[in-house]
Amino acid sequence: MSTAPDFAAVRAEFGLPAHGAAFPAAVLAEAERAAAAGPDGPRVDATDIPLVTVDPPASKDLDQAVGITRTPRGFTVHYAIADLGAVVDPGGPLDAEVRRRGQTLYLPDGAVPLHPPVLSENAASLLPDGPRAAVLWRIELDGEGAVRSADVRRALVRSVARLDYAGVQAAIDAGRAHPAIAALAELGPLRRARAVARGAIELELPEQEVVPAGTGWTVRTRRRTPVEDWNAEISLLTGQVAARMMLDAGVGLLRTLPTPDPEAVAALRATALELGLDWPEGESPATVLAGLPRPADADPRALAVRRAATTLLRGAAYASFGAGTPPPEDPGHGGIGAPYAHVTAPLRRLVDRFGSEICLALAAGREVPDWLLEALPGLPGLMSASDTLAARVDRACTDRTEAAVLAGRVGEEFAVVALRREPGEVFLTDPPVLARCEGELQPGATVPARLVEADPVTGRVRFALLN
């Protein structure tokens, strides 16, 4: 029996299109027409603002282009977002199809895209090949990284370079950052410090990634660069500004997460103290987690605490309001420490297009369109279902790859990091595998365990603690 992970079986299990399968003909025809027509309507000419995209090297669906300038009063952030509202006709075949899909699903052997590639990888992507239609945010911040003002308009923009995280990090480390984002290394840490201060919880668990290996696949730990964290802070900043705009106007769609339960925080603190980690009385989980050793698997005790901290981030949802429906009683996002709305990834996530359209209307002093108000109540359910599917698909691909990599090593002994007692869970660092384990585990300890199951068909990997 082959030990190669079967991603076709994952697609079949979740009812996904086969690799390379096309969109329905009516959807493709609409996308082709939209791509050929190009942007219409009035737009601000912002092609003189230097912007760059920063993405993984293979990315073609470029949602954002960024420019950050140091000013006498602080910083100016220009954040251009792909303008899907300009190419998707509400109520048309394309709109219906993307509502059905919800978001792009990423499998190792190829994505199931939200939009046809003629849009997501070409006409609507912020590629550096000339003027592109965009939703352009201008956010003014003070010298400490706090928001002073914000505005958003439809615009024509020009990306002057297509960059990747490793290249940007190397350039910054060498003191030769691209001029468009030279201030990112200063603003990014300021925004991150503000996030910790307001209680934003960043787990920083090891990020597993399925990658090609010879003629097959393997799993590895992907190390995030500081640039990725700084770039993420700019996206989070934009989402917070959008959420504030929506709440002030009484209409919008938020991504919500309950504030961590005090009992869950107390239990996490007890776990940290039991493992000998410092957690002063009254210190927030955000501050403690931010102070743990890096990378995430550098200290087994810290890894166990990070895993235990996932209990603080439960209950994520979407909340729509407006047209007689009030905002949620708690509009905040407990993981971010502030209200937040998705508006920065419309090529890959359905809800962002609607969030951008709301903010564009509000910034221009217009009424939010009726078609959008009518769509709002149904979007939370669509996105929650899509998020659940995306998480299950991702986990299934990773599980099957883990099992395939270890399939020939059943019976061998490994040193694993104990993460949880119940259910018993351990982490193998090389290859990076998260798995169940039988026996009495002490979280934070590195223990010997025998691999007793690795089934590439089901994705089950199981260890047993050695006495």
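Numbers for residues simply follow the sequence, beginning at 1.
Listed for the R70 side chain is a donor-acceptor partner under 3.5 Å among the backbone atoms of G74. A donor-acceptor contact shorter than 3.5 Å is absent between the side chain of T398 and the backbone of R395. Side-chain atoms of S125 come within 3.5 Å of backbone atoms of K60 as a donor-acceptor pair (strictly under, hydrogens ignored). Side-chain atoms of S386 never come within 3.5 Å of backbone atoms of L382 as a donor-acceptor pair (strictly under, hydrogens ignored). R192 places no side-chain N or O within 3.5 Å of a backbone atom of W230 that could act as its donor or acceptor partner. Side chain of Q208 to main chain of P432: a donor-acceptor pair is present (N/O by atom type, distance under 3.5 Å, no hydrogens or angles). Of the possible donor and acceptor atoms, none in the side chain of S235 sits under 3.5 Å from a partner among the backbone N and O of N231. Side chain of R11 to main chain of P17: a donor-acceptor pair is present (N/O by atom type, distance under 3.5 Å, no hydrogens or angles). For the pair E228 (side chain) and T225 (backbone), a donor-acceptor distance under 3.5 Å is present. Side-chain atoms of D95 do not come within 3.5 Å of backbone N or O of V88 as any donor-acceptor pair.
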Evaluate the criterion salt bridge (Lys or Arg N to Asp or Glu O under 4.0 Å) for residue pair R348 and D55; output intermediate values, then yes/no.
CA-CA 13 Å; R348 301 175 240 188; D55 294 273; 3.6 Å; yes

Step by step, work out the side-chain contact (heavy atoms from CB on, under 4.5 Å) result for F427 and R307.
CA-CA 10 Å; F427 184 71; R307 182 61 175 169; over 6 Å; no

Does the side-chain contact (heavy atoms from CB on, under 4.5 Å) test come out yes or no for V152 and Y79, once each step is laid out?
CA-CA 9 Å; V152 60; Y79 209 41; over 6 Å; no

Check step by step if salt bridge (Lys or Arg N to Asp or Glu O under 4.0 Å) holds for E202 and R306.
CA-CA 9 Å; E202 178 59 60; R306 294 184 192 280; over 6 Å; no

From CA spacing to verdict: side-chain contact (heavy atoms from CB on, under 4.5 Å), E274, R301
CA-CA 10 Å; E274 180 184 352; R301 300 173 305 160; over 6 Å; no

May I have the step-by-step check of side-chain contact (heavy atoms from CB on, under 4.5 Å) for L84 and V98, ending in yes or no?
CA-CA 11 Å; L84 269 295; V98 297; over 6 Å; no

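Expressed to the nearest 0.5 Å, how far CG of L312 lies from CG of L289 amounts to 7.5 Å.
The aromatic rings of H333 and Y340 sit perpendicular to each other, their planes meeting at more than 60°, with 30° as the lower class boundary.
Summarising the geometry of L253 relative to S320, their closest heavy-atom pair is CD1-CB, 3.6 Å, with the distance given to 0.1 Å. In plain terms, the two heavy atoms of A363 and D151 that are nearest each other are CB-OD1, 3.8 Å. Minimum interatomic distance between D164 and P56 (heavy atoms only, all atoms of both residues): CB-C, 4.5 Å. Contact record, L379 with F354: CD1-CG, 3.6 Å, taken as the closest heavy-atom pair. When all heavy atoms of H178 and A161 are compared, the pair lying nearest together is NE2-CB, 3.9 Å. What you find for D61 and E121 is that their closest heavy atoms are N-CG, 4.4 Å.
Remark: E367 CD is loosely packed, at most 12 non-hydrogen atoms of other residues, nucleotides or ligands lying under 6.0 Å away.
For R101 and F23, the positive end sits near the middle of the six-membered ring, less than 6.0 Å away and at most 45° from its axis.
With contacts defined as side-chain heavy-atom distances shorter than 4.5 Å, the pair Q169/P226 qualifies. Taking the side chain as every heavy atom from C-beta outward, L94 and L119 approach each other to under 4.5 Å. Inter-residue side-chain proximity for P24 and E97 is flagged as met; some heavy-atom pair is nearer than 4.5 Å. Put simply, the side chain of I181 reaches to within 4.5 Å of the side chain of L163, judged on heavy atoms. The side-chain heavy atoms of M246 and C359, taken from C-beta on, include a pair separated by under 4.5 Å. When side chains are defined from C-beta on, R198 counts as touching I336, because their heavy atoms get closer than 4.5 Å.
A salt bridge does not link R33 with D89: every distance from a Lys NZ or Arg NE/NH1/NH2 to an Asp or Glu carboxylate oxygen is 4.0 Å or more.
Between T344 and T238, the side chains place no donor N or O within less than 3.5 Å of an acceptor N or O (distance only, hydrogens not considered).
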